[in-house]
Amino acid sequence: MPSEEEIFKTIQETLVEALGVDEDEVTEDATLVADLGAESIDFLDIVFRLEKAFDIKIPREELFPQDILTNAAYVEDGKLNEAGLAELKKRMPFADLDKFAENPKIQEFGNILTVGDMVRFVASKVA
Amino acid sequence: MRWFWLDKFEVFQSGVKAQAIKCITLAEDHMHDHFPFYPVMPHSLVLEGIAQTSGLLICEYYKYKQKVVLAKINKAVFHCLAFPGDTLVYKATVERIDENGTVSSASAYIRKPNGEEVLFAEVEMMHAILDDSYSDKKQFSTRDYRNLMVNMKVYEVGVEADGVTRLAEPEEFKNLD
């Protein structure tokens with residue numbers, strides 16, 4: 001089983017190739033959308049590369065549970081409600097959602113995923 | 001639709017792989033400007049031809065119900081130049097298909113008169129499947145698709161994903177006059 005450092009290194013290489021960013025930009029704290037400029041189609045590319053690199057299967061909704069954002073039971077006035085946040089935390093245990101939870105605007109959801117979150121997600125899949 | 005950058009399919013396995021050819025001729029307008037007195041097939045149009053090869057493969061897989069657009073070129077490496085009189089062979093393989101998009105890899109070759117194929121380009125690309133927010137937009141008509149696929153010999157050479165069963169035209173095609 002690869003160490004977290006090895007997983008980080010592979011994810012770093014993946015993001016450099018998929019997003020055309022420099023290696024030193026891919027830090028643990030960097031967010032994929034805001035800092036590294038990932039667009040929606042890039043996530044498909046990244047997921048495909050990670051599946052090949054780690055020989056795992058990554059259902060898209062596991063890494064990006066966007067269905068929560070379109071579920072009327074979880075959204076009020078463009079923000080996730082308590083139940084929505086609870087569901088998001090349950091579905092994304094690898095992500096640090098504290099900052100997002102302070103003002104859970106749907107439009108900010110794309111900005112929450114960091115490189116560190118991806119490392120923890122992959123670590124949970126290869127464990 | 002006249003933006004055709006391939007001439008016909010030689011291999012077509014539904015949702016799996018396709019092989020198409022493009023015969024380069026000096027009659028194509030762009031060859032006179034690219035470049036004056038030195039006509040070279042633009043690599044950007046080769047990419048378009050490869051995108052059409054894998055794009056039509058994906059369109060057929062979804063039985064022309066989805067809107068498929070080229071979204072990203074992950075890699076494009078060209079090894080040489082192609083000139084009028086050359087036949088390009090595009091070989092595309094679908095690596096992954098899901099409801100959001102596809103990843104394809106492809107190689108292009110120059111087919112020599114003796115049948116030998118020389119590696120010309122290596123490409124990886126992604127096509128996006130447009131979501132419901134584009135449902136009011138029509139990409140191509142059923143008639144356009146039928147004419148395109150029939151003229152490009154898809155249903156003469158095509159097989160289903162199992163590689164054996166002959167590919168049949170969808171019912172919508174048969175109902176057109």
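Chain letters run A, B, ... following the sequence lines, proteins first and then strands; every chain starts at 1.
There is no path of hydrophobic side-chain contacts, each under 4.5 Å, that joins B:Val103 to A:Ile46. At a threshold of 4.5 Å between side-chain heavy atoms, the hydrophobic network of Ile, Leu, Val, Met, Phe, Trp and Tyr places B:Val118 and B:Leu88 in two separate groups.
The environment of CZ in A:Phe94 is crowded: more than 12 heavy-atom neighbours from other residues, nucleotides or ligands sit within 6.0 Å. Within 6.0 Å of NZ on B:Lys17 lie no more than 12 heavy atoms contributed by other residues, nucleotides or ligands. By the neighbour-count criterion of 12 heavy atoms within 6.0 Å, atom CG of B:Asp162 is densely surrounded, having more than that number from other residues, nucleotides or ligands. Around CG of A:Asp55, the count of heavy atoms belonging to other residues, nucleotides or ligands within 6.0 Å does not exceed 12. Counting non-hydrogen atoms of neighbouring residues, nucleotides and ligands closer than 6.0 angstrom, the CG atom of A:Asn103 exceeds 12 such neighbours. For A:Glu82, the CD atom is loosely surrounded, since the number of other residues' heavy atoms within 6.0 Å does not exceed 12.
For a heavy-atom cut-off of 4.5 Å, chain A lies close to B:Ala71, B:Lys72, B:Asn74 in residues 62-78 of chain B.
The two residues B:Asp98 and A:Leu44 come nearest to each other via the heavy atoms OD2-CD1, 3.2 Å.
Using a cutoff of 4.0 Å between basic side-chain nitrogens and carboxylate oxygens, B:Arg96 and A:Glu51 are scored as salt-bridged.
The CE atom of B:Met125 lies 12.5 Å from the CG atom of A:Asp45; values are rounded to the nearest 0.5 Å.
Heavy atoms closer than 4.5 Å to chain B are found nowhere in A:Glu39, neither backbone nor side chain.
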